[in-house]
Amino acid sequence: MFPKLNYQSYIFIWAFAFGFVLPLAADDQASHRKMVRRLAEIEAETPSTNYFLGTKWIEEYREAWEKLPDTSSTKERFETLFRLASEELNQGFERESIAHFEEALKLVEFGAKSDGVEKSLIINVISQLSVAGFRAAEKENCCAAPNPESCIFPLSPAAQHKNEFGSRRTILYLEQFLEKLTLPKKAEGQSMWLLNLAYMTLGEHPEKVPKRWLIEPPNEGKIPSFVLPGKAGDDFPAFRNISEAVGVNTYGHAGGAVADDLNGDGTLDILVSSWDPAIDAKFFENDGNGKFTLRDAGLSGIKGGLNLKQADYDNDGDLDVLVLRGGWMGARGMHPNSLLQNDGEGNFVDVTFAVGLAEPAYPTQTAEWVDYDLDGDLDLLIGNESLGDFVAPSQLFRNDNGTFADVADEANLKVTSFVKGVTSGDFNGDRYPDVFFSCLGGKNRLFRNKGDGTFEDCSHLLATADGGPIRSFPTWFFDYNNDGWLDLFVSSYSCSGDDYRDYYGGRMLADGRIPALFENRNGITFVDVARKAGLARPTLPMGSNFGDLTNNGRPDVYLGSGTPSYDSTFPNTLLINGDDLFYDFTLSSRMGHLQKGHAVSFADFDRDGDLDVFEQMGGALRGDTFFDALFENPGFGQNWISIRLRGKRTNFYGVGARARVVIHEEGEKEHSLYQWMSSGGSFGANPLELHFGLKEIAAIKRIEIFWPVTGVTQIVLNPQINQQLTIEENLTR
């Protein structure tokens with residue numbers, strides 16, 4: 001048997017045999033080697049440059065403690081112990097951290113200024129000690145002996161902790177904290193939230209929680225008729241976490257995820273990355289029988305990456321992958337991104353240097369593939385992170401036959417903000433895709449594509465001074481109400497434990513602490529309908545995405561939650577869309593994972609006609625690791641159709657094209673469902689195929705595909721339901 005070779009291998013053999021020189025392929029290989037060397041350098045620099053993952057600081061603090069003279073003051077000893085214990089917690093040495101926090105507390109009076117130590121610092125130590133206890137509880141139970149129920153809120157008996165050390169420590173210090181000190185509202189709410197979680201891990205919630213600090217999870221109720229008329233009044237079903245059973249429960253830190261057919265066999269694979277510069281990207285191949293196999297895909301040495309976005313940048317019929325690096329790191333995050341070229345069988349070569357995308361390298365975690373000039377190939381918009389005096393402008397790389405040039409300046413898209421999300425969509429129906437920048441701590445920006453290679457700022461159309469929450473993160477365009485106009489979701493990244501207490505207690509959140517849902521009014525302006533749509537709830541989204549999980553014809557939303565801090569332990573949130581109103585079924589669905597939720601992908605991995613949800617888990621700190629999750633859709637008994645596009649004048653996968661599915665329900669007029677081809681939200685990547693839920697509709701009247709490059713609407717009459725349909729762009733009309 002001859003070994004199976006990819007197409008590049010055959011080209012090299014042919015070229016060698018006949019004496020030909022192939023400079024492009026040689027450049028690709030040289031680019032790959034150059035990137036591997038640069039990433040190895042970044043890995044070597046990490047211990048001393050990356051505060052989240054580096055070991056420099058714990059070494060310094062340990063040395064400072066060991067060398068502290070016996071004659072040192074209480075203040076010196078307390079502050080040295082505080083710094084050491086905090087860094088031990090960051091690095092994952094929870095028990096050592098607890099011991100040093102407790103040693104510090106023995107030096108002072110509880111909750112009062114003592115021997116020169118400020119009261120605020122003492123309070124901080126008590127707070128951190130309780131957090132260290134809870135992280136120890138998670139590490140020694142959920143991480144050491146995980147099961148599918150681990151860390152799913154509210155905790156079931158299967159998720160309760162056998163090792164009680166960490167939770168008992170948390171309860172001990174939090175109850176003293178709340179009893180003896182008068183705390184600001186935010187600190188009190190955060191402490192109450194963590195206290196309730198700690199009791200829950202021991203199976204003692206709500207019975208043993210002191211009543212004045214008890215927080216009861218809300219009663220979500222039954223499925224309303226607006227969601228699924230045929231199932232109104234039923235309990236919302238549980239989505240099981242099957243990641244371990246199917247082989248995709250990678251254990252690690254924050255990172256990216258792509259779900260798509262990366263090897264051309266028709267099944268949906270998963271590619272994940274870790275922001276840890278020491279960890280290679282991983283390719284999980286779908287075997288078509290519900291299981292995944294981790295295999296070599298040429299990714300050895302392709303390390304790091306907080307987000308991933310797939311696209312066929314060279315229009316050769318297979319999906320390439322962009323790896324985004326340096327986010328949150330400021331000037332220390334000037335790490336090159338990677339463009340991984342696919343050979344068609346799921347083997348990758350890093351061509352970043354060869355195609356002109358490597359330099360300059362700015363810190364980022366967000367990008368969008370978009371054919372902004374409608375020339376039939378995909379260009380690349382990257383939102384970078386300016387911070388203080390450090391300026392990292394956004395980049396718009398025009399695709400010129402597979403190589404790239406930055407034209408952001410001439411296109412008027414040189415945004416200098418701390419950009420955490422970018423998205424694109426033709427919001428005004430003129431064929432040309434417009435773009436939106438979600439900026440953390442600054443004004444969000446909406447730009448209209450003028451069709452001549454330039455953009456104009458039209459943020460005023462969003463009807464709010466800041467274009468949505470002032471602290472925003474993931475974002476996307478989607479048609480949430482099926483009126484044929486693209487709406488805009490902009491998350492709010494600013495909630496905490498006190499928001500959960502207030503929300504469960506019936507108090508509404510302030511506008512700046514909820515997302516914006518900008519409803520498109522005929523392409524002319526936008527109106528924020530977040531409260532009207534049921535989105536006035538606490539969330540802290542990072543990775544997130546959307547798709548029709550119930551097959552009722554409306555896009556639902558799943559939000560991964562967290563911050564780099566250990567105390568941001570909030571359930572990831574499931575919001576089900578029913579007739580333009582979102583219902584929170586986080587608890588009933590069993591998708592309220594308490595660990596940090598990063599890249600999210602909605603995809604029908606088992607090809608049974610409903611969308612499952614993959615979530616890349618884990619935090620930013622060295623000690624904040626967890627297992628990825630895959631939530632299997634239990635099914636809702638509804639019909640569906642999945643559509644793949646194959647462009648000819650348009651880019652190969654039809655990114656930016658609009659699909660309209662026209663249906664007729666009994667007793668109602670003809671109406672339509674709309675989707676635009678994209679990979680979904682700004683943090684996580686859905687497959688480049690469109691999944692339409694059809695409720696109980698038995699037949700589709702027609703499908704209309706609007707191809708923006710040509711401006712032609714292509715019609716497919718009476719297609720069969722419950723199938724995957726491929727539509728090729730018709731150029732004969």
Side-chain angles (χ1 to χ4, degrees), residues 220 224-227 421 423-429 434-439 443-446 448 458-495 499 503 506-541 544-550 552-559 573-586 671-676 678 680-682 693:
E220 293 176 341
S225 60
F226 288 130
V227 174
T423 187
S424 67
D426 177 15
F427 77 78
N428 59 357
D434 313 298
V435 300
F436 177 79
F437 293 82
S438 173
C439 304
K443 182 178 179 179
N444 300 312
R445 308 280 295 277
L446 176 66
R448 183 180 71 84
C458 59
S459 304
H460 63 279
L461 298 181
L462 299 177
T464 62
D466 298 309
I470 194 66
R471 288 183 56 82
S472 61
F473 197 161
T475 184
W476 56 77
F477 281 104
F478 70 153
D479 186 4
Y480 90 99
N481 57 358
N482 277 323
D483 66 353
W485 296 98
L486 279 171
D487 311 300
L488 178 63
F489 176 85
V490 188
S491 66
S492 172
Y493 191 62
S494 61
C495 88
D499 291 316
Y503 182 70
R507 289 181 287 273
M508 297 297 287
L509 274 67
D511 285 344
R513 302 176 82 82
I514 66 172
L517 177 59
F518 290 112
E519 186 177 289
N520 189 333
R521 299 294 171 85
N522 300 317
I524 299 172
T525 191
F526 293 85
V527 176
D528 187 359
V529 297
R531 288 194 183 276
K532 177 183 173 184
L535 295 177
R537 61 192 66 247
T539 57
L540 194 64
S544 48
N545 227 313
F546 63 91
D548 185 0
L549 294 176
T550 65
N552 73 347
R554 305 271 177 168
D556 310 305
V557 172
Y558 186 64
L559 304 171
T573 303
L574 176 65
L575 302 172
I576 297 296
N577 188 345
D579 198 23
D580 312 338
L581 182 64
F582 288 90
Y583 296 84
D584 190 336
F585 282 115
T586 299
H671 66 274
S672 302
L673 310 175
Y674 295 90
Q675 290 187 40
W676 281 252
S678 76
S682 63

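Residue numbers count from 1 along this sequence.
- A distance-only check finds a donor-acceptor pair linking the side chain of Asp556 to the backbone of Asn577 [under 3.5 Å].
- Smallest separation of non-hydrogen atoms from Asn520 and Asp483: O-OD2, 3.9 Å.
- In this structure, the side chain of Ser678 engages the main chain of Gly680 through a donor-acceptor pair within 3.5 Å.
- The two residues Pro224 and Phe585 come nearest to each other via the heavy atoms CD-CZ, 4.0 Å.
- For the pairing with Phe427, the ring-ring contact (aromatic ring centres under 6.0 Å, His included) check across Trp485, Phe526, Phe518 returns one residue only, Phe526.
- For the atom pair Phe477 CZ and Asp434 CG, the distance stands at 6.5 Å (nearest 0.5 Å).
- A donor-acceptor pair is defined here as one N or O able to donate and one able to accept, closer than 3.5 Å; no such pair exists between the side chain of Asp479 and the backbone of Leu486.
- Aromatic pair Trp476/Phe546: ring centres closer than 6.0 Å.
- Partner of Pro515 under the side chain to side chain contact (heavy atoms under 4.5 Å, CB included) criterion, out of Leu535, Val557, Val490, Thr475: Leu535 alone.
- Counting only heavy atoms from C-beta outward, the side chains of Arg531 and Ile514 approach each other to under 4.5 Å.
- Relative ring orientation between Phe489 and Phe478 is described as perpendicular, the plane-to-plane angle rising above 60° on a 0-90° scale split at 30° and 60°.
- Proximity of a side-chain donor or acceptor of Asn481 to a complementary backbone N or O of Asp579 within less than 3.5 Å is not detected.
- We find that Arg513 and Asp499 are joined by a salt bridge, their nearest charged nitrogen and carboxylate oxygen being less than 4.0 Å apart.
- Between the side chain of Thr525 and the backbone N or O of Leu461 there is at least one donor-acceptor pair closer than 3.5 Å.
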Given Tyr558 and Thr573, is the side chain to side chain contact (heavy atoms under 4.5 Å, CB included) satisfied, shown in steps?
CA-CA 6 Å; Tyr558 186 64; Thr573 303; 5.9 Å; no
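- Checked by atom type and distance alone, the side chain of Ser491 pairs as donor or acceptor with a backbone atom of Phe473 at under 3.5 Å.
- Of the possible polar contacts, one joining the Asp528 side chain to the Leu517 backbone as a donor-acceptor pair under 3.5 Å is found.
- Ser472 and Ser438 share a side-chain donor-acceptor pair at under 3.5 Å.
- In this structure, Arg554 and Asp580 have side chains that are in contact, with non-hydrogen atoms separated by less than 4.5 Å.
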Evaluation steps, side chain to side chain contact (heavy atoms under 4.5 Å, CB included), between Arg445 and Val435
CA-CA 8 Å; Arg445 308 280 295 277; Val435 300; over 6 Å; no
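- Using a 4.5 Å heavy-atom threshold, the side chains of Asn444 and Phe437 count as separate.
- Of the possible polar contacts, one joining the Asp487 side chain to the Tyr480 backbone as a donor-acceptor pair under 3.5 Å is found.
- No donor-acceptor pair under 3.5 Å is formed between the side chain of Ser682 and the backbone N or O of Thr423.
- Contact of the Leu575 side chain with the Leu559 side chain is registered, since non-hydrogen atoms from C-beta on lie closer than 4.5 Å.
- Contact detail for Pro474 and Pro541: the closest heavy-atom pair is CD-O, 3.4 Å.
- Closest of all the heavy-atom pairs between Ser459 and Lys443 is CB-CE, 4.1 Å.
- Judged by distance alone, the side chain of Asn522 and the main-chain N or O of Ile524 form no donor-acceptor pair under 3.5 Å.
- Residues Glu220 and Tyr583 bring no donor and acceptor atom of their side chains to less than 3.5 Å of each other.
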